Asks: 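Structure incoming, see below.
Keep in mind that what you see is a predicted model, and the values were worked out from it rather than measured. The sequence lines fix the lettering, A, B, ..., with proteins before strands; numbering per chain opens at 1.
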Amino acid sequence: MRQSQLLIPTIKEVPADADIVSHRLMLRAGLIRQVASGLYTWLPLGLRVVRKIEAIIREEMDRSGAQELSMPVVQPAELWRETGRWEKMGPELARFQDRHERDFCLGPTHEEIITDLFRREVHSYRQLPCNFYQIQTKFRDEVRPRFGVMRAREFVMKDAYSFAADQASFDATYREMHRCYSRILMRMQLDFRAVEADTGNIGGANSHEFHVLADSGEDTIVHATEGDYAANLERAVSAPPPPCGAATETMREVATPGVTTIAQVAALLDAPVTQCLKALVIRGKKGPIVIMLRGDHELNLIKAQKIPGAQQPLEFADAAEILAATGANPGSIGPVGLQAPLIVDPQAAATADFICGANRDGHHYRGVNWGRDLPLADSQVLDVRNVAPGDPAPGGQGELRFLKGIEAGHIFQLGRTYSEAMQAKVLDRDGKPVTPIMGCYGMGVTRLVAAVIEQHHNAGGILWPDPLAPFDIHILALNYGKSSIVREAADNLAAQLEAGGLATLLDDRAERPGVKFADADLIGLPRRIVIGDRGLREGRVECRIGHGAEMEALAPNEAAARLTDLQR
RNA sequence: CGGGGCGUAGCGCAGUCUGGUAGCGCACUUGACUGGGGGUCAAGUGGUCGCAGGUUCAAAUCCUGCCGUCCCGACCA
């Protein structure tokens, strides 16, 4: 393809709005243009990459036995009302009415549609297990679109939905999808981790996220230095703490005027932060709930949300509520003599001789011990904190480390949530109706384009991995417009390569060499041939195969042969 | 939704504080030179200064409201 005929609007100056490297490079290399917040046009070059990724996903999904179909973007409200999600979803679900004033939404996901199809068309256990997928545009009116196509409102997703008659059969499909996702990301040459995750809005029991590692990632993932434990920070746990040490101090109240933060308390009393416990107060359905954490730890909002009796969604109590419930202002709250319900993180429960607020402004207790100075029931001890780097890993092997990741895929064990709500049933061997167990499997196609660039770039531009490059070869024809020998050699070579099945981008523009080189670096095709008068006088073109490779001088036919051979 | 920033030519920005002829770089057009890493010179094209009100003899500039967009926090592929 001739570059002069393709819209590849590369730009030198970085748009000020773009913050992360993939977003900048996608704009600079002419892959995308923004239309509105979270909405993008895919230009020819960008779209070719999307198609490459789709092709890999399609191949691997097909290999795993899934069948492709395509569901509508526009979905009727009735189906969403059946599962209760029409009410539950909130403003992220884009709703509208048709001319007959019937309610519709733009599909953010397709559990309702596929389950509706399933209940109409599948009636026998003999047809199970089955797994349907589509690659399609989704719309989610995100609270905050950001980082270009990384978090867009309209995006392309591969979504799959499986149905199984029994748990063992479901598990086999789930494991196969886990492997399938790994294969896809490996083929894309991505450094990734599969981690245990929280299921969020979709619901269900277990899930795994597939994270592409990148410092710009929005998620924190936790992994063990030994063994294969890995989880999203929202869900990660550490090994249980050693049993609480014996009390060595007596409990006493100390004056701490004006001291309200853990750092101040620790400094004033000359004690390690780990010896101090901090209190957080959330709203419960029947009044405030006090949570005790070790001073150096932080609350995990997802875990805290699951505290029995906690308000949904999680909210913190304000100063007035705290004062009413404890008799003190924030900064002086503690568990001793507390009337409000109390939840204690295991690490806090395993701290002896601790320091805490005295529920009296300007006062703390030190030398406090659970059991001796205040009661603590097992039911009150609940893991509600974020693990920290260096914590012992669960299972006792190694310690926990943190990484930043981009969530590229998420697979869910849905159980019977949707099949039950929508009355999907098949008859089993004995002729009895059974409700199938479902799974769903998402992968962000357009997000993956950005994720790949995050991992594959240098100062000059993108470095596409071979399987994803928008073209196989970039031919830079220097002085194409004026030199007939360059033109002839370039045209011949391009035709030869195309005939050999290689997608070729021929830079035939009337640009100076420097511009062509700079643009080629930006666009980042892995194979490059430079054709100029200088080389042609010796009967040579220059050929670079692979991003790091050296330029080699070869005869045009030789270069063509080499490249077409590689293709086989 | 809460907090902050920004809206001036296609892009990147200056001008706004202190009101008085709308500017610079890149890009684009034409010509000449140049021709292996974003080249040089010359001549051009292009702007209701986000929108609506207000203050003023006079508003890009001051005031009010709205809209858009980006960044930071709770959600997600």
Asks: Between A77(B) and T446(A), is there an OP1 or OP2 to side-chain N/O distance shorter than 4.0 Å?
Replies: no
Asks: Kindly determine whether W80(A) and E87(A) satisfy side chain to side chain contact (heavy atoms under 4.5 Å, CB included), including the steps that lead there.
Replies: CA-CA 8 Å; W80(A) 285 77; E87(A) 293 75 24; over 6 Å; no
Asks: Going by purine N1 to pyrimidine N3 plus the second Watson-Crick contact, or the G-U wobble pair, all under 3.5 Å, which nucleotide sits opposite G19(B)?
Replies: none
Asks: How far does the P atom of G10(B) sit from the matching atom of G46(B), given to the nearest Å?
Replies: 12 Å
Asks: Say you pick atom C1' in A32(B) and the same atom in G37(B); how far apart are they, in whole Å?
Replies: 24 Å
Asks: Locate the shortest heavy-atom distance separating M89(A) from P108(A); write the atom from each residue and the value.
Replies: CE-CG, 4.1 Å
Asks: Identify whether any heavy atom of L301(A) sits under 4.0 Å from a base atom; if not, whether one sits that close to sugar-phosphate; answer base, sugar-phosphate or nothing.
Replies: sugar-phosphate
Asks: Given that both distances must come in under 3.5 Å, which nucleotide forms a Watson-Crick or G-U wobble pair with A14(B)?
Replies: none
Asks: State, without any angle test, whether T109(A) and E111(A) hold a side-chain donor-acceptor pair at a distance under 3.5 Å.
Replies: yes
Asks: What contact category does V156(A) fall into here, base, sugar-phosphate, or nothing, at under 4.0 angstrom with non-hydrogen atoms?
Replies: nothing
Asks: Need to verify one output field. Residue with the more 5' nearest nucleotide on RNA chain B, F210(A) or V35(A)?
Replies: V35(A)
Asks: Please work out if A510(A) contacts a base, only the sugar-phosphate, or nothing of the nucleic acid, heavy-atom cut-off 4.0 Å.
Replies: nothing
Asks: Indicate yes or no: does K404(A) engage D219(A) in a salt bridge with an N to O separation below 4.0 Å.
Replies: no
Asks: D533(A) CG to U34(B) P: how many Å, rounded?
Replies: 15 Å
Asks: Just call it for A36(A): base, sugar-phosphate, or nothing, with non-hydrogen atoms closer than 4.0 Å on any strand.
Replies: sugar-phosphate
Asks: What residues form a side-chain hydrogen bond (donor to acceptor under 3.5 Å, both in side chains) with R48(A), not counting sequence neighbours?
Replies: none
Asks: Suppose we call two aromatic rings close when their centres sit under 6.0 Å apart. Are F210(A) and H208(A) close by that rule?
Replies: no
Asks: To the side chain of E142(A), which of C72(B), U69(B), C75(B) is closest?
Replies: C75(B)
Asks: What nucleotide among G39(B), A77(B), C70(B) has an atom nearest to a side-chain atom of F155(A)?
Replies: A77(B)
Asks: Could you work out which one of C70(B), C75(B), C72(B) sits closest to the side chain of R144(A)?
Replies: C72(B)
Asks: Could you pick out which residue, R153(A) or D521(A), lies toward the 5' side of RNA chain B when each is mapped onto its nearest nucleotide?
Replies: D521(A)
Asks: What nucleic acid atoms does P145(A) come within less than 4.0 Å of, heavy atoms only: base, sugar-phosphate, or nothing?
Replies: sugar-phosphate
Asks: With a 3.5 Å cut-off and just heavy-atom distances, do the side chain of D219(A) and the base of C76(B) make a donor-acceptor pair?
Replies: yes
Asks: Please measure how far the C1' atom in A60(B) lies from the corresponding atom in A52(B), and state the result in whole Å.
Replies: 16 Å
Asks: For U8(B) versus U61(B), give the span between their P atoms, rounded off to a whole number of Å.
Replies: 13 Å
Asks: Provide, to the nearest angstrom, the distance between the OH atom belonging to Y40(A) and the P atom belonging to U69(B).
Replies: 10 Å
Asks: U34(B) P sits how many Å from E511(A) CD, rounded?
Replies: 18 Å
Asks: Does Q34(A) make a side-chain N or O approach to OP1 or OP2 of C70(B) shorter than 4.0 Å?
Replies: yes
Asks: Under 3.5 Å for both donor-acceptor distances, Watson-Crick or wobble: does A60(B) have a partner, and if so which one?
Replies: none
Asks: For nucleotides U18(B) and A9(B), find the distance between their C1' atoms and express it as a whole number of Å.
Replies: 27 Å
Asks: Tell me the interatomic distance from L185(A), atom CG, to A77(B), atom P, rounded to whole angstroms.
Replies: 15 Å
Asks: May I ask you to evaluate whether R146(A) reaches the phosphate of G73(B), defined as a side-chain N or O under 4.0 Å from OP1 or OP2?
Replies: yes
Asks: Could you tell me how far apart R447(A) (CZ) and C76(B) (C1') are, to the nearest whole angstrom?
Replies: 6 Å
Asks: Determine the Euclidean distance between corresponding C1' atoms of C6(B) and C13(B); express it in Å to zero decimal places.
Replies: 12 Å
Asks: Would you say D318(A)'s side chain and E321(A)'s backbone share a donor-acceptor pair under 3.5 angstrom?
Replies: yes
Asks: Hey, is the side chain of E542(A) pairing donor to acceptor with the base of G36(B) inside 3.5 Å?
Replies: yes
Asks: Specify whether F170(A) and Y174(A) have parallel, tilted or perpendicular ring planes, treating 30° as the upper limit for parallel and 60° as the lower limit for perpendicular.
Replies: tilted
Asks: Measure up the F132(A) and F163(A) rings against each other and bin them: parallel (under 30°), tilted (30 to 60°), perpendicular (over 60°).
Replies: perpendicular
Asks: Pairing check on C28(B): which nucleotide meets the Watson-Crick or G-U wobble criteria with it, both distances under 3.5 Å?
Replies: G44(B)
Asks: Check S4(A) against D508(A) and note the closest heavy-atom contact, atom names and distance.
Replies: OG-OD2, 2.7 Å
Asks: Does G535(A) reach a base, just sugar-phosphate, or nothing at all? Heavy atoms under 4.0 Å.
Replies: base
Asks: So D159(A), base contact, sugar-phosphate only, or nothing? Heavy-atom distance under 4.0 Å.
Replies: nothing
Asks: Can you identify which nucleotide, out of A77(B), G39(B), C70(B), has its nearest atom closest to the R512(A) side chain?
Replies: G39(B)
Asks: Rounded off to whole Å, could you give me the CZ-to-P distance for the F139(A) and C76(B) pair?
Replies: 16 Å
Asks: Are any non-hydrogen side-chain atoms of Y133(A) and D159(A) less than 4.5 angstrom apart?
Replies: no
Asks: For the backbone of E154(A) and the side chain of K138(A), can you confirm whether one donor and one acceptor N or O come within less than 3.5 Å of each other?
Replies: no
Asks: Confirm from the modelled atom types if N479(A) and G36(B) form a donor-acceptor pair under 3.5 Å, side chain to base only.
Replies: no
Asks: State the pairing partner of C33(B); accept Watson-Crick or G-U wobble contacts with both distances under 3.5 Å, and report none otherwise.
Replies: G39(B)
Asks: Could you check how far CZ of R509(A) sits from P of A27(B), rounded to whole Å?
Replies: 13 Å
Asks: Atom CZ of F147(A) and atom C1' of U69(B): how far apart are they, to the nearest Å?
Replies: 15 Å
Asks: Strictly by Watson-Crick or wobble contacts shorter than 3.5 Å, is anything paired with C1(B), and which nucleotide is it?
Replies: G73(B)
Asks: Can you build the contact string for nucleotides 5-14 of chain B? Use B for base contact, S for sugar-phosphate-only contact, and - for no protein heavy atom under 4.0 Å.
Replies: ------BSS-
Asks: Looking across every strand, which nucleic acid part, if any, lies under 4.0 Å from G514(A) by heavy atom: base, sugar-phosphate, or nothing?
Replies: sugar-phosphate
Asks: Rounding to the closest angstrom, what is the interatomic distance between G3(B) and A74(B) at atom C1'?
Replies: 13 Å
Asks: Go through the N and O atoms of the side chain of R151(A) and the base of C76(B), and report whether any donor-acceptor pair is under 3.5 Å.
Replies: yes
Asks: Counting the atoms with a prime plus P, OP1 and OP2 as sugar-phosphate, which does I302(A) contact under 4.0 Å by heavy atoms, base, sugar-phosphate, or nothing?
Replies: sugar-phosphate
Asks: Nearest of G36(B), A74(B), A77(B) to any side-chain atom of P513(A)?
Replies: G36(B)
Asks: Closest approach to the side chain of V143(A), judged atom by atom: which nucleotide of U69(B), C71(B), A74(B) is it?
Replies: A74(B)
Asks: Using the P atom as the reference point in each nucleotide, state the distance between C28(B) and A14(B) in Å, no decimals.
Replies: 24 Å
Asks: Which part of the nucleic acid, if any, lies within contact of G409(A), taking any heavy atom under 4.0 Å across all strands shown: a base, the sugar-phosphate backbone alone, or nothing?
Replies: sugar-phosphate
